[in-house]
Amino acid sequence: MIMNIKELEEAKSVVRNVPDFPVKGIQFKDLTTLFKDAKALRTVADALVEMYRDKGITKVVGIEARGFIGGAILATELGAGFVPLRKPGKLPAITIKKTYTKEYGVDVIEIHQDAITPDDVVLIHDDLLATGGTMLAAYELVKIMKPKKIYINFICGLKDLGGVEKFPADVEVTTLFDF
Ligand code: AMP
């Protein structure tokens with residue numbers, strides 16, 4: 001399958017912009033309007049899977065909560081396992097955690113310490129790249145477990161925030177479309 005640019009443009013067009021949410025000044029890109037649209041969801045799922053089909057991904061790490069949606073689709077379709085990266089206090093076994101700065105506030109994320117092994121090729125997925133703070137923290141947590149390789153993907157990115165520059169140059173970071 002060749003990625004259908006027109007269909008991706010249509011999927012992008014159903015993302016709802018909510019001004020001043022959750023705080024004044026933020027233009028919140030609400031992907032629930034994309035996820036509830038069967039055609040847009042199919043387009044995004046197909047494009048994500050196509051992009052990573054031949055990379056030998058063994059684990060997909062999804063970032064709570066919106067990263068669980070695309071992350072679960074990717075894991076199932078790629079024949080990989082799924083690992084949740086969660087807000088503090090949610091994971092029951094031994095975890096490692098990291099504090100980071102978001103576009104609007106400070107947060108902590110956690111992962112089970114045995115979730116990834118050195119044999120894994122990992123794809124970390126989230127719905128949206130803003131400042132990149134969340135994903136950088138996720139990348140650093142996953143890196144502690146020394147997988148063979150780490151890929152990073154988002155459904156969409158906010159280009160003006162320059163989040164992509166936060167990552168080391170040798171890490172492949174992709175978005176399906178940008179705002
Ligand atoms: P960041 O760490 O700044 O890249 O923030 C990314 C995380 O916060 C992602 O999980 C997004 O879902 C959410 N997020 C941050 N800014 C926005 C925004 N303007 N619109 C929608 N989601 C956002």
Side-chain angles (χ1 to χ4, degrees), residues 8-37 40-41 43-45 47-48 51-52 57 59-75 82-91 95-112 115-116 122-144 150-179:
L8 273 180
E9 280 298 325
E10 280 169 19
K12 177 180 173 178
S13 74
V14 301
V15 173
R16 171 165 53 195
N17 187 74
V18 184
D20 300 323
F21 181 87
V23 293
K24 206 165 168 47
I26 297 292
Q27 298 293 325
F28 193 87
K29 300 297 175 194
D30 176 17
L31 270 77
T32 64
T33 49
L34 185 159
F35 294 139
K36 77 169 181 180
D37 182 311
L41 182 61
T43 298
V44 163
L48 289 176
M51 208 167 355
Y52 290 97
I57 307 290
K59 296 262 171 66
V60 178
V61 174
I63 300 181
E64 184 172 353
R66 287 175 301 251
F68 290 176
I69 300 161
I73 291 171
L74 274 160
F82 178 79
V83 173
L85 218 150
R86 299 209 61 183
K87 295 184 174 137
K90 306 279 187 189
L91 290 170
T95 63
I96 46 176
K97 61 181 90 171
K98 181 128 192 118
T99 305
Y100 66 99
T101 310
K102 290 209 307 187
E103 191 188 4
Y104 41 82
V106 169
D107 225 329
V108 180
I109 48 168
E110 251 183 324
I111 192 167
H112 276 140
I116 310 286
V122 178
L123 170 60
I124 317 177
H125 169 85
D126 203 358
D127 68 329
L128 181 138
L129 170 64
T131 65
T134 310
M135 186 55 89
L136 186 64
Y139 171 77
E140 284 168 355
L141 272 184
V142 170
K143 219 175 155 212
I144 291 170
I150 304 173
Y151 294 94
I152 292 176
N153 165 260
F154 303 87
I155 296 172
C156 62
L158 304 181
K159 231 186 187 150
D160 291 349
L161 294 178
V164 78
E165 283 143 39
K166 276 214 169 69
F167 302 98
D170 62 335
V171 180
E172 193 181 299
V173 180
T174 62
T175 56
L176 288 182
F177 51 82
D178 291 298
F179 291 96

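Any value given below was found using the heavy atoms of this structure, including those in side chains, with hydrogens, waters and symmetry copies removed. Keep in mind that what you see is a predicted model, and the values were worked out from it rather than measured. Remember, it's 1-based here, ligands and their atoms both numbered in the order they're listed.
- Taking all atoms of both residues into account, the shortest heavy-atom contact from E110 to L91 is O-CD1, 3.4 Å.
- Residue contact check: D127 has heavy atoms under 4.0 Å from atoms 9 (C), 10 (O), 11 (C), 12 (O) of ligand 1.
- Every atom of ligand 1 is numbered from 1 in the order shown, and the set under 4.0 Å from a heavy atom of L158 is 19 (N).
- Set against the non-hydrogen atoms of T131, the atoms of ligand 1 under 4.0 Å away are 1 (P), 2 (O), 3 (O), 4 (O).
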Under 3.5 Å donor-acceptor pairs involving side-chain atoms of residues 132-143, not counting sequence neighbours:
residue, atom, partner, partner atom, Å
E140, OE1, K98, NZ, 3.2

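- Under a 4.0 Å criterion applied to the non-hydrogen atoms of Q27, ligand 1 contributes the atoms 18 (C), 19 (N), 20 (N).
- When each atom of ligand 1 is checked for a heavy atom of R66 under 4.0 Å away, the hits are 11 (C), 12 (O), 13 (C), 22 (N).
- Counting the atoms of ligand 1 from 1 in the order shown, those under 4.0 Å from a heavy atom of D126 are 9 (C), 10 (O).
- Within the 4.0 Å heavy-atom cutoff, G163 does not count among the residues contacting ligand 1.
- Ring orientation note: the planes of F68 and F82 are nearly perpendicular, at an angle over 60° on the 30°/60° scale.
- At a heavy-atom distance under 4.0 Å, only side-chain atoms of I26, from C-beta outward, approach ligand 1.
- Taking a cut-off of under 4.0 Å to the non-hydrogen atoms of T134, the atoms of ligand 1 that pass are 1 (P), 2 (O), 5 (O), 6 (C), 7 (C).
- Between the side chain of K59 and the backbone N or O of A115 there is at least one donor-acceptor pair closer than 3.5 Å.
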